[in-house]
Amino acid sequence: MKLINNLIIQIIPFLPKFFVKLVASPYIAGITDEEMLKNVQKLNNKGFKVAIDILGEHVETEKEADEITQRYISIYDEISKRNLSANISIKLTHIGQDLGLDIVKNNLTQLVQAAKKNNNFLRLDMENVPYTSETIQLYKEMFEHYDQIGIVIQAYLHRSFDDIKSLSDEKFNVRICKGIYVEDPKLVLKDYNDIRENYIRLVKEALNKGSYVGIATHDEFLIDNIYSWIIKNNISKDQYEFQVLHGVPMQKKLEMLMNDGNTVRVYLPYGDNWYDYSVRRLKENPKMAGYIIKNLFLSIFRIK
Ligand SMILES: Cc1cc2nc3c(=O)[nH]c(=O)nc-3n(C[C@H](O)[C@H](O)[C@H](O)COP(=O)(O)OP(=O)(O)OC[C@H]3O[C@@H](n4cnc5c(N)ncnc54)[C@H](O)[C@@H]3O)c2cc1C
């Protein structure tokens, strides 16, 4: 499988862009703000909440970082104006984390103020390990000004249980995911089942401490396992939500969760950076190529 995934990645640069777009399109909610906002409305009509993300990361100039920040601020205003059920999820390197602490802090402060003005929520995605501690630190600083802000904890990192233990309380809002980056093997759990086990441990720790948890996974074993525990332990439905990436075909499971009265949020990436972003992600994590091809076949033949 690894061989096939790597082969797909080698081929991608030689494929016509329109073909890559065709394959990537189920995962991306358009190029323009207007396209994205229409998709948010469609998802809301189907009962989903949304987390909006402008594709991109690691900007190289202050101007780009500022443009992205202002674009996010205008999206908060549009969400309010159109009465959409959506929040925003950002990558700190997209608003200038590589350019210096002052720059990212200034942009983040503006975003937090916009979230506050619109009575909305801001999530800081978690990027790779060089950014982990600083992301947590910036989250803590911003939390002092506005508590509708949250972060992400990755189940594959050895450090995550300590992070969750020290951060969790009734005001903590955390998305828990497995983690997508290729990291130094010394820092991460390698075994698939160990990551699953740690994921469950993290979710339980946060929920037991009264935190709000975004259970972000497409792994149905994890969803079923955690949901049974939630029911058994009478965890209130307003203490958690399920989160999935736009386009991953798991309609039946999501309908089942929503019919049971649970919140399901779709993470909705969009923007003109879709090509570079998709290719970079595929190169970083060849497993993604296999997922995309598998899901393409599943949706063509409607197996799932
Ligand atoms: C809402 C959300 C937000 C996220 N935010 C972050 C973040 O801030 N930082 C971070 O490091 N990671 C983030 N991730 C990615 C996450 O860490 C995992 O890499 C990703 O979700 C795959 O893990 P899984 O739990 O779905 O389990 P897996 O075992 O990897 O996948 C289970 C099944 O789901 C399907 N699947 C999974 N991912 C995809 C995909 N991308 N495309 C198509 N099919 C797929 C496949 O069929 C696969 O067999 C996020 C994921 C979600 C759902």
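Both counts, for ligands and for their atoms, begin at 1 and track the order of listing. Please read all numbers here as calculations on a predicted model, not as lab measurements.
Considering T135, L268, L222, L245 only, the shortest heavy-atom separation from atom 53 (C) of ligand 1 involves L245. Counting heavy atoms only, Y192 comes closest to atom 29 (O) of ligand 1 of the residues F242, Y27, Y192.
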Q.
Please evaluate residues H246 and F48 with respect to the criterion ring-ring contact (aromatic ring centres under 6.0 Å, His included), reporting the C-alpha separation (whole Å), side-chain torsions for both, the decisive distance (0.1 Å), and the verdict.
A. CA-CA 11 Å; H246 183 244; F48 296 105; 9.5 Å; no
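Close approach of ligand 1 to K178 (heavy-atom distance below 4.0 Å) involves ligand atoms 17 (O), 23 (O), 24 (P), 25 (O), 27 (O), 28 (P), 29 (O).
Counting heavy atoms under 4.0 Å from ligand 1, residue D125 touches it through both backbone and side chain. Residue-level proximity to ligand 1 for R175 is carried by the side chain, the only part with a heavy atom below 4.0 angstrom. Using a 4.0 Å cut-off between heavy atoms, Q154 contacts ligand 1 through its side chain alone, with no backbone atom that close.
At least one N/O-N/O distance between M126 and ligand 1 falls below 3.5 Å. Checked by distance only, ligand 1 and G179 come closer than 3.5 Å through their nitrogen or oxygen atoms. Residue-to-ligand polar distances keep Y181 apart from ligand 1: every N/O pair is separated by 3.5 Å or more. For the pair I180 and ligand 1, the shortest N or O to N or O distance falls below 3.5 Å.
When each of D33, N39, D53 is checked for a side chain to side chain donor-acceptor pair (under 3.5 Å) with Y270, only D33 meets the rule.
A continuous path of Ile, Leu, Val, Met, Phe, Trp and Tyr side chains, each step under 4.5 Å between heavy atoms, connects Y240 with Y267, placing both in one hydrophobic cluster. Residues L124 and Y212 do not share a hydrophobic cluster, defined by chaining ILVMFWY side chains whose heavy atoms lie under 4.5 Å apart. Linking Ile, Leu, Val, Met, Phe, Trp and Tyr whenever their side-chain heavy atoms come within less than 4.5 Å leaves Y131 and I95 in two separate clusters.
For the 3.5 Å distance criterion, the side chains of K116 and Y76 fail to qualify, holding no donor opposite an acceptor. If you check the side chains of S89 and D125, you find a donor sitting under 3.5 Å from an acceptor.
For E197, the CD atom counts as loosely surrounded, since its 6.0 Å shell holds 12 or fewer non-hydrogen atoms of other residues, nucleotides or ligands.
In this structure, E220 does not count as a contact residue of ligand 1, since none of its heavy atoms falls inside 4.0 Å of the ligand.
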